[in-house]
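Report on the following structure.
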Amino acid sequence: INAEYMGENYDRAEQHIERALQMNRDNIDARLKLAEVRVVQSRIEEAEQIYDNAIDRSPETISGKVYARLASIQIRLGHHEEARDNYLRAAKVWPCGLTWLGLGVAYFRLGDDLHCEQALNESNVLDNLNPTTWAYLCLLCLKTGRSEEADAAFNQALKQSLRDPEIIAEIGIQQKVAGKVRLAEAAFRRSLKEDDRSSTRLLLADTLTQMRLFEDAKVEYGVVAASTQLETERTQALAQIEVIDKVLLAAEE
């Protein structure tokens, strides 16, 4: 099974796993390997169910890494309470920077700022080079009105080569909410360099409009209107272009 998995022949790996489970339905290792295959196949709802089933069958054999893998899936699915509980289980037997980071993310999504900060600080003690930890510390500081700390945390995240476009865009959104529109603009542009998403380009265009950089905003809205696959985004972009044209025409008069 491992040879097929490592060779990325997931269909063959799945066949071997199914044979192993036919021979012994309580083969926990086979169940855990099947969950890993489901993850790489992007069938994460199934992976969550398989992990849960394996834990229910043999909780005493489950390692901290398995709890952490399950919790990371639950974060992706938006099952934040379950993720928190499983990251807590993982941290008890496998305390490391990644485990505490995951716990901090779960607390952040649940709105538990106090425990979020405690978990992220613990993650930072164990590994202060993880850019994602610094990014979530930035988000937490922006949320709690600690502007200078947020800037310092974001600079550290960038220094450690933060590349996650979703987190960078989320930081941009919170910077915009905090009135830091120039920093928000820079964050959205950085996010677009990592992954050119029309949703992020709309955020950039909206920010440029707020900054009254109307011509620049029109360019970004135009890119969205020409490239997006979503009719709602196209309609929004075209509507904003029309609004800007009216503003520019009124200014000329």
Side-chain angles (χ1 to χ4, degrees), residues 1-113 115-116 118-120 122-123 126-127 130 132-133 135-136 139 163-167 169-170 195 197 199 229-230:
I1 296 173
N2 286 329
E4 299 291 354
Y5 180 80
M6 295 302 293
E8 298 186 4
N9 191 338
Y10 301 120
D11 290 338
R12 287 285 300 278
E14 187 172 348
Q15 291 173 9
H16 289 308
I17 291 167
E18 291 296 345
R19 282 197 213 99
L21 289 173
Q22 287 172 5
M23 295 172 63
N24 179 8
R25 301 304 296 177
D26 292 324
N27 187 330
I28 299 303
D29 288 341
R31 290 184 181 276
L32 295 177
K33 187 61 69 176
L34 180 60
E36 292 178 29
V37 170
R38 290 290 181 263
V39 170
V40 297
Q41 292 172 332
S42 298
R43 295 160 64 177
I44 58 173
E45 294 89 350
E46 292 180 45
E48 181 190 29
Q49 293 173 359
I50 295 167
Y51 274 127
D52 277 333
N53 181 271
I55 291 170
D56 288 342
R57 284 173 177 267
S58 184
E60 70 281 356
T61 66
I62 301 301
S63 69
K65 289 184 179 181
V66 170
Y67 280 117
R69 288 186 195 125
L70 171 57
S72 69
I73 290 170
Q74 290 166 330
I75 289 287
R76 292 169 62 183
L77 292 171
H79 302 166
H80 297 128
E81 290 185 359
E82 294 87 345
R84 174 201 59 200
D85 294 344
N86 282 313
Y87 271 126
L88 280 169
R89 294 184 183 103
K92 289 179 180 178
V93 294
W94 190 49
C96 66
L98 287 175
T99 303
W100 284 103
L101 168 59
L103 183 58
V105 173
Y107 279 129
F108 181 80
R109 298 306 176 194
L110 289 169
D112 188 338
D113 296 343
H115 287 105
C116 171
Q118 290 174 347
L120 292 176
E122 187 65 30
S123 174
L126 294 166
D127 178 10
N130 189 321
T132 305
T133 303
Y136 273 97
L139 284 170
R163 303 290 299 273
D164 187 321
E166 291 186 9
I167 296 179
E170 187 173 359
D195 187 3
R197 302 183 185 187
S199 57
Q229 302 297 312
L230 297 177

Partners of [X] by side-chain contact (heavy atoms from CB on, under 4.5 Å), sequence neighbours excluded?
X: I55; value: I62, Y67, L70
X: L77; value: I44, E45, E48, I73, H79
X: N130; value: L98, L101, D127, T132, T133
X: D195; value: P165, R197

Can you list everything that forms a salt bridge (Lys or Arg N to Asp or Glu O under 4.0 Å) with R38? Sequence neighbours excluded, please. E14, E46
List the atom of [X], the atom of [Y], and the distance in Å for their closest heavy-atom pair.
X: A68; Y: W94; value: CB-CZ3, 3.9 Å
X: A54; Y: I28; value: O-CD1, 3.9 Å
X: S123; Y: G97; value: OG-O, 2.8 Å
X: A35; Y: A47; value: O-CB, 3.6 Å
X: G102; Y: I75; value: O-CD1, 4.4 Å

List for me each residue that meets side-chain hydrogen bond (donor to acceptor under 3.5 Å, both in side chains) alongside [X], sequence neighbours excluded, and say none if there are none.
X: R89; result: N86
X: R76; result: none
X: T61; result: S58
X: D113; result: K143

How far apart are the C-alpha atoms of L120 and W100, what are their side-chain angles, what is the distance that settles it, and do they pass the side-chain contact (heavy atoms from CB on, under 4.5 Å) test? CA-CA 6 Å; L120 292 176; W100 284 103; over 6 Å; no
Does A90 offer a backbone N or O that forms a donor-acceptor pair with the side chain of T99 under 3.5 Å? no
Between the SG atom in C116 and the CZ atom in R84, the distance rounded to the nearest 0.5 Å is 13.0 Å
Inter-residue atom distance D52.CG - Q74.CD, 0.5 Å rounding: 6.0 Å
List the atom pairs, donor and acceptor, that lie under 3.5 Å between side-chain atoms in residues 103-112 and the rest of the protein, sequence neighbours left out.
residue	atom	partner	partner atom	Å
R109	NH1	E170	OE2	2.7
R109	NH2	Y136	OH	2.9
R109	NH2	E170	OE1	2.9
D112	OD1	H115	N	3.2
D112	OD1	H115	ND1	3.2
D112	OD2	H115	ND1	2.9

Tell me, which pairs form a salt bridge (Lys or Arg N to Asp or Glu O under 4.0 Å) where one or both residues lie in residues 92-107, sequence neighbours left out? none
